[in-house]
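In what follows, a single structure is set out as C-alpha cells and then discussed.
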Amino acid sequence: MDFYKRVEYVCKQIPRGRAATYGQIALLCGMPSHSRQVGYALNKKLTSPDIPAHRIVNHKGYLSGLASFTYPDTQESLLEKEGIPVTPEHTIDLKKYAWHHTLDDAIRFRSYFTTHNL
DNA sequence: TATATGACCTGAC
DNA sequence: CGTCAGGCCATAT
C-alpha cells in the first residue's frame with residue numbers, strides 16, 4: 001500500500017478547470033483521515049512533478065500551498081489560465097469550481113489500486 | 001522513546 | 001458568515 005503513489009494517481013484525474021480538496025484526495029485514496037499527509041506529500045514533493053498540484057486547495061477554497069510553488073503567483077496564474085478566478089485573499093469559489101467526483105470514480109480508483117498493488 | 005510540525009478537516013455553537 | 005476544540009498521522013528532530 002503506497003499512499004503517495006495513490007495521491008499521485010488521483011491528482012492526475014482532476015479535470016482541467018476544477019479543484020479538489022486535500023480531504024477529498026485522501027478519501028479517494030482510501031485513507032479518509034490522511035488529508036494532512038496529502039499536503040505533506042505535495043510540499044515535500046514526494047510525488048512525480050507532473051501532477052496538477054495547483055488544483056489542490058483546502059476545504060475553504062484557500063490556496064494553502066502558495067508558498068511551495070516556484071514563484072508566489074505560480075499557482076494563481078495556473079488556475080486562472082484554466083478559468084478559475086482567484087480572489088485577492090488567495091481563495092477560489094469551491095461552490096462553482098469543485099471537482100464533483102462520482103461514486104464510480106471512487107470505485108474505479110479502488111480497483112486500480114488493487115490491480116496495480118498500490 | 002518522546003515531542004514537535006504541518007499545502008488538513010469536521011462539528012458544535 | 002466566524003471561532004474554537006479536538007481529532008488526525010507520517011516525518012522530522
Side-chain angles (χ1 to χ4, degrees):
Chain A
M1 149 67 206
D2 188 333
F3 182 67
Y4 300 135
K5 289 280 190 203
R6 291 187 178 193
V7 170
E8 189 175 310
Y9 182 74
V10 171
C11 288
K12 286 181 178 174
Q13 317 301 316
I14 307 173
R16 260 185 70 91
R18 309 256 91 180
T21 66
Y22 298 90
Q24 184 179 9
I25 302 297
L27 179 68
L28 288 172
C29 286
M31 311 288 314
S33 62
H34 286 226
S35 47
R36 298 192 86 134
Q37 278 57 231
V38 175
Y40 179 84
L42 296 178
N43 183 34
K44 293 289 183 182
K45 301 180 187 350
L46 266 31
T47 55
S48 84
D50 60 328
I51 68 169
H54 59 285
R55 298 189 189 130
I56 322 278
V57 301
N58 80 7
H59 71 121
K60 293 177 191 163
Y62 177 70
L63 278 48
S64 48
L66 268 183
S68 298
F69 286 81
T70 322
Y71 298 102
D73 62 332
T74 302
Q75 183 173 20
E76 299 192 0
S77 38
L78 286 174
L79 287 172
E80 301 203 311
K81 188 170 9 170
E82 40 187 88
I84 304 182
V86 181
T87 73
E89 296 76 39
H90 316 295
T91 301
I92 67 172
D93 188 352
L94 279 180
K95 295 234 180 281
K96 293 180 185 166
Y97 304 101
W99 170 37
H100 298 297
H101 72 264
T102 66
L103 179 57
D104 271 8
D105 289 327
I107 295 173
R108 258 202 353 270
F109 291 141
R110 191 171 62 87
S111 57
Y112 180 87
F113 298 147
T114 32
T115 64
H116 291 256
N117 254 290
L118 297 182

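Note that the structure is predicted; figures quoted are calculated from it, not measured. Convention: sequence-line order gives letters A, B, ...; per-chain numbering from 1.
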- Hey, does A:Ala67 reach any base, or is it just sugar-phosphate, or nothing, if we go heavy atoms under 4.0 Å? nothing

- Task: Apply the test side-chain contact (heavy atoms from CB on, under 4.5 Å) to residues A:Met1 and A:Met31: give CA-CA distance (whole Å), side-chain angles for both, the deciding distance (0.1 Å), then the verdict.
- Result: CA-CA 11 Å; A:Met1 149 67 206; A:Met31 311 288 314; 3.8 Å; yes

- Task: Would you indicate which nucleotide in B:dC8, B:dC9, C:dA10 comes nearest to any side-chain atom of A:Ser64?
- Result: B:dC8

- Give the rounded distance in Å between these two atoms: NE2 of A:His34 and P of C:dG7. 17 Å

- Item | Whole angstrom value for the distance that separates C1' of B:dT10 from CG of A:Leu27 | 14 Å

- Query: Base, sugar-phosphate, or nothing: which does A:His59 touch, judged by heavy atoms less than 4.0 Å apart?
  - Reply: base

- Message: On DNA chain C, does the nearest nucleotide to A:Lys44 precede the nearest nucleotide to A:Ser33 from the 5' side, or the other way round? Give the residue.
- Response: A:Ser33

- Item | Whole-Å gap separating P (B:dT10) and CG (A:Leu94) | 11 Å

- Spacing of the P atoms in C:dG6 and B:dA7 (rounded, Å): 23 Å

- Whole-Å distance separating the CD1 atom of A:Ile25 from the P atom of B:dC9: 10 Å

- Query: Looking at the side chain of A:Leu42, which of C:dC8, C:dA12, B:dA7 is the nearest nucleotide?
  - Reply: B:dA7

- Note on the structure: From OH of A:Tyr71 across to C1' of B:dA7 the rounded distance in Å is 20 Å

- Message: Between A:Glu82 and A:His54, is there a side-chain donor-acceptor contact under 3.5 Å, judged purely by atom types and distance?
- Response: yes

- Task: Tell me yes or no: between the side chains of A:Ser64 and A:Tyr22, is some donor less than 3.5 Å from an acceptor?
- Result: yes

- Do A:Tyr22 and B:dA7 share a donor-acceptor pair, side chain to base, under 3.5 Å? yes

- Message: Distance check needed: B:dC8 C1' versus A:Ile56 CD1, whole Å only.
- Response: 13 Å

- Could you check whether the rings of A:His90 and A:Tyr62 sit parallel, tilted or perpendicular, using 30° and 60° as the cut-offs? perpendicular

- How close or far is atom C1' of C:dA10 from atom CG of A:Asp2, stated in whole angstroms? 13 Å

- Task: Determine the contact category for A:Asn58: base if any of its heavy atoms lies under 4.0 Å from a base atom, sugar-phosphate if only primed atoms, P, OP1 or OP2 are that close, otherwise nothing.
- Result: sugar-phosphate

- When both distances are under 3.5 Å in a Watson-Crick or G-U wobble arrangement, the nucleotide paired with B:dA7 is none

- Query: Can you tell which of B:dC9, C:dT11, C:dC9 lies closest to the side chain of A:Tyr4?
  - Reply: C:dT11

- More 5' along DNA chain B: A:Gln37 or A:Gly23, using each one's nearest nucleotide? A:Gln37

- Item | Distance, rounded to the nearest Å, where A:Arg36 contributes CZ and C:dG7 contributes P | 14 Å

- Is it the case that A:Thr87 and A:Glu89 place a side-chain donor and acceptor less than 3.5 Å from each other? yes

- Task: Look at the side-chain N and O atoms of A:Ser35 and state whether any lies under 4.0 Å from the OP1 or OP2 oxygen of C:dC8.
- Result: no

